[in-house]
Structure formats: C-alpha cells, structure tokens
Amino acid sequence: MQQGGRSTERLALGDPVRGLAALFVVVFHVAVSAAFIVAGARAVFGEHVFGAAHEPLFSATSMPFVFFALSAYLLTRPFAAWLVGGQGRPDVTRYAVHRVLRILPAFLLAVLATATLVGTMGAPDRQWLWLAGMVHTWDPALAIDRAMPQAWTLDVEALFYVLLPVGALLAAALLGAVRSRALRLGLLLAALVALGAGTLAWSTNAPDAAHSHMPPKFLFAFTPGLALALLEPLLAPRARASAWAARLPLGLLLVALAGQVLVALSDPADLAARHGLGLLTASALLCAIVVRHWSGAPAWKAIDRPAFHALGRWSYGMYLSHTVVLHVAEPVLRDAGGAWTTLAVGCLAVVPASIVLGALSWRYVERPALRLGDRLAARWRTRRSPARGETVAASAGVP
C-alpha cells in the first residue's frame, strides 16, 4: 500500500518476527511438557531440569507481548494516519469484517479439534462456549483454559480489536477542535502512557494476578505499537535516510536482547519483573524494525528470507494447533527418557507437525477467509458511497 508514502507500506519484517515468536512459544510449550513429564510441577517452579538452558527455554513469557505490540502497530497505522496525519477516516466496516474473518474461522476450527482430541481437561462442557467466544479469561473461575492454554491471548486480542476503532472515533471527537498535529500527538501519547501504566500496575498488583489472564489487564502490551503508529506520520518522513534512524535500530536490538536475557533470569513468580521486562523486550524489538523501515534501509537479510516469511504467514495456525499436536504426541514423549531426550523428541514431533498444520490452515482456511472479506468489503462499497474523506483501512501486514 502506497497511501501516504513509505511509512504506510507493508512492514517487511512483520511476518518473520511473528513467525519466530510463534516458533519460540511452540518450543516453550514442548519444554514445559517435557519438564512436567520428567520432574512434575516442581520443574516449572524451581527445579532446573535443563540445567543452564532451563531459564532461556522458560523465558517465552515475553513472546505474547511481541504479538500484541506488532498487532497494535499494524492495525493502528490507518487510524493514526487519520488522527495525526490528516488523511481520511478508515473504513471501520471493512476493518471489522477483516478482523472477524482473519481470526475466527481458524480459531473455531482449532477449538473443534481441541474438543475432539484433547477434551475439557476436567472443565464442564458448557465452558467451550466461553472459549469459542474468546471471553473465557474474563472469569478466572473457568477451567477450560487448561485444554487450550494459549487461547488467553486471543481473548486479549479480541478486546483490542473492539477497543481500537471505538477509541479512535472517541479520540477524533475529543480532539476535533485541536488543529496542531503535534498537540494532537502529544495528547494521544499522554493518554497511552496513562493506559499503559494503569493496566501494567493492575496486571501485577491485583490479588489474583498470578491466576488470571483477564484481557483488560494486558492492554499495556499494545501501547508500544500504538505509540509507534501515532508517531509514524510525523517521524517517518524525517527518518528517511537520516543518521539517527540508521544508527538507532542496532542499539534497540541490543536492548531487546538484554531484555530477553533479563526475562530469562527473572523469578517466574515476579509478575512485575516479567511483565515489565517483556514489555521492554517487545518495545525495543518493534522499535528497531519500524525505525529501520522508516529510514528506507533494507530489512535485515538474516530474517528477511522466504522461509521466515512463510513461517509468519503460517504462524497463526501453528500457534493454534501446536497444543493439540503436543497432546497427541504426549505418549511418545513419556517413553523418551531424560529431560533433554524428551525435549528433542518433542521438538522433532511437534514443531514440524505444527508448521504443516499452520500451512494448511493458511492455505485452506485463513487466506480464503481473507479473500471473502475483500469480496464482502468490495460489495459493501458498491452499495454505499464512502463518506467524504473516508479511506479504506489497509489489510497489508495484518496479524
């Protein structure tokens, strides 16, 4: 998409970063399963069955923050171009149709597969409705999350999808009399700081924080992407071929690496440290790839490769299906032997199978659903002339 220049083009490294983060989550869940098989619950809460590699293997708690920040940046760009950049209002109907068709069909298929092959893990059958509706984490008493533990992130994403256009429309109404783009940006960033600080504190200080993934508690994780999208209309034109934009990404990558190391070294029970460091890691990583994109420099070749782009396209299906694959493979893992052997067998069995299922999900479920969304949006536009100044929200780079 060329609307507004390079700043709104597809983010070259969006798919590779998403794919690698999803792969990290898959390996993490294999490691957790291997540790439980070998040493029980104490392996996760203290006993290092993998020796010095235990902490890095169990440090994937920052990966959902990468997903959230990347989603926020990609989806907010058209709204930021409207609120700060002076472009037309995005087509909210098209946005809603694409969100539903991008997320729901593959998710419902994964829920059906989980119900068939995994079961409720002791939860009442009626809780499947809460899970399928992406609202099961709103009630900490529900136990269905044990059947599909990664699904809590979908509840969080679903809340953000609803709040983004609502928040943008509300911001436009409140800022209607503010003509200065810099002042509008400053007010929006101040609101983001308040949102991030408040929800981060809530996620770590509430009495039930260790037992609940209630979606509003994780809105702080979207604020880095929101902030970058808001900054883009003003900063991206200035970053083109500038010295600071050329030098900053490498430093930000080092910060992201340091943050991930600190996540690995932090106490798993210290949610304040885990969430804060996870936010730092995701923020620095996203800032690095976005600022480099703004500068006009080519994407880093180390991950700008067809295999990683494919992994990114397949990452959603891989993310949804890997716990089912892990459940099916569990009898094999139980006969593998020691911790490292169990981990190796688990990775050899679960990772390739999850990637294949992710590719099939993209080919036969996700991509057809997105094409259906394009057709529905086109049909809608033929029946209704866009409001004056209204533009179509970009779907390129959609998470």
Side-chain angles (χ1 to χ4, degrees), residues 15 18-30 32-33 60 63-64 66-68 70-71 97-139 142-161 213 215 218 310-330 346-347 349-373 398-399:
D15 278 343
R18 187 186 303 109
L20 291 171
L23 185 62
F24 193 178
V25 171
V26 174
V27 174
F28 163 71
H29 281 141
V30 173
V32 170
S33 182
M63 293 303 105
V66 174
F67 299 144
F68 296 151
L70 185 58
S71 291
V97 169
H98 268 270
R99 287 301 85 212
V100 170
L101 293 178
R102 177 67 183 95
I103 298 300
L104 205 54
F107 178 68
L108 292 179
L109 184 61
V111 170
L112 179 61
T114 302
T116 303
L117 298 174
V118 179
T120 64
M121 303 291 286
D125 288 340
R126 64 180 179 274
Q127 292 187 12
W128 285 115
L129 296 176
W130 294 81
L131 178 63
M134 297 184 179
V135 293
H136 73 291
T137 51
W138 287 85
D139 184 354
L142 298 181
I144 194 65
D145 62 318
R146 290 197 292 260
M148 200 173 179
Q150 77 277 36
W152 73 270
T153 62
L154 276 299
D155 289 18
V156 178
E157 290 266 6
L159 175 64
F160 175 73
Y161 294 161
H213 284 124
F218 289 88
L311 189 67
R313 291 193 298 272
W314 305 336
S315 60
Y316 183 50
M318 178 175 68
Y319 184 75
L320 291 174
S321 65
H322 76 276
T323 50
V324 175
V325 177
L326 186 56
H327 176 81
V328 172
E330 185 176 345
C347 287
V350 175
V351 172
S354 299
I355 292 174
V356 169
L357 289 174
L360 292 173
S361 174
W362 170 254
R363 174 65 178 83
Y364 295 107
V365 181
E366 299 164 51
R367 188 168 63 176
L370 284 174
R371 289 174 175 171
L372 174 61
V398 169

- Could you state the interatomic distance from CZ (R99) to CZ (F160), rounded to the nearest 0.5 Å? 9.5 Å

- Identify the two heavy atoms, one from M121 and one from R146, that lie closest to each other, and give their separation to 0.1 Å. O-NH2, 3.4 Å

- With a cut-off of 6.0 Å (strictly less than), are more than 12 heavy atoms of other residues, nucleotides or ligands near CH2 of W130? no

- Side-chain contact test, heavy atoms from C-beta onward, threshold under 4.5 Å: evaluate it for D145 versus W152 and give yes or no. no

- Query: Can you check side chain to side chain contact (heavy atoms under 4.5 Å, CB included) on F68 and T153, steps first, answer last?
  - Reply: CA-CA 9 Å; F68 296 151; T153 62; 3.9 Å; yes

- Query: Where do L320 and A110 come nearest, in terms of heavy atoms and distance?
  - Reply: CB-CB, 3.8 Å

- Message: Distance check, rounded to the nearest 0.5 Å: E366 atom CD versus L360 atom CG?
- Response: 10.5 Å

- So, D155 side chain and H136 main chain: donor-acceptor pair closer than 3.5 Å or not? yes

- Dump the intermediate steps for side chain to side chain contact (heavy atoms under 4.5 Å, CB included) on L131 and M148, then the final yes or no. CA-CA 9 Å; L131 178 63; M148 200 173 179; 4.2 Å; yes

- Item | Side-chain (Y316) to main-chain (R102) donor-acceptor, under 3.5 angstrom | no

- Do you know the tightest heavy-atom contact between G373 and V97? CA-CG1, 3.9 Å

- Are L101 and L370 close enough that some pair of their side-chain heavy atoms sits under 4.5 Å apart? no

- Could you give me the CA-CA distance, side-chain angles and deciding distance for L108 and L112, then say whether side chain to side chain contact (heavy atoms under 4.5 Å, CB included) is met? CA-CA 6 Å; L108 292 179; L112 179 61; over 6 Å; no

- Query: Measuring from R18:CZ to L70:CG, what's the distance to the nearest 0.5 Å?
  - Reply: 5.0 Å

- Query: Where do A353 and V325 come nearest, in terms of heavy atoms and distance?
  - Reply: CB-CG1, 3.7 Å

- Task: Report the residue from L311, D15, V25, V66 that forms a side chain to side chain contact (heavy atoms under 4.5 Å, CB included) with L20.
- Result: L311

- Item | Side chain proximity check, L159 to W138, heavy atoms < 4.5 angstrom | yes

- Task: State, to 0.1 Å, how close A21 and F67 come at their nearest heavy-atom pair, and which atoms those are.
- Result: CB-CE2, 3.5 Å

- Would you say Q127's side chain and A143's backbone share a donor-acceptor pair under 3.5 angstrom? yes

- Is there a donor-acceptor pair under 3.5 Å between the side chain of S361 and the backbone N or O of G358? no

- Please report the C-alpha distance between M134 and I103 in whole Å, then the side-chain angles of each, then the deciding distance to 0.1 Å, and finally whether the side chain to side chain contact (heavy atoms under 4.5 Å, CB included) criterion is met. CA-CA 10 Å; M134 297 184 179; I103 298 300; 3.2 Å; yes

- Query: Do you know which two heavy atoms are closest between S321 and S354, and how far apart they sit?
  - Reply: OG-O, 3.9 Å

- Check for a donor-acceptor pair, side chain of H327 on one end and backbone N or O of L117 on the other, with a separation under 3.5 Å. yes

- Message: When you compare the side chain of V118 with that of T323, does any pair of heavy atoms fall below 4.5 Å?
- Response: no

- Note on the structure: Here the gap from T137 atom OG1 to I144 atom CD1, rounded to the nearest 0.5 Å, amounts to 12.5 Å

- Message: Are H213 and V156 packed together at the side-chain level, in the sense that at least one heavy-atom pair is separated by less than 4.5 angstrom?
- Response: no

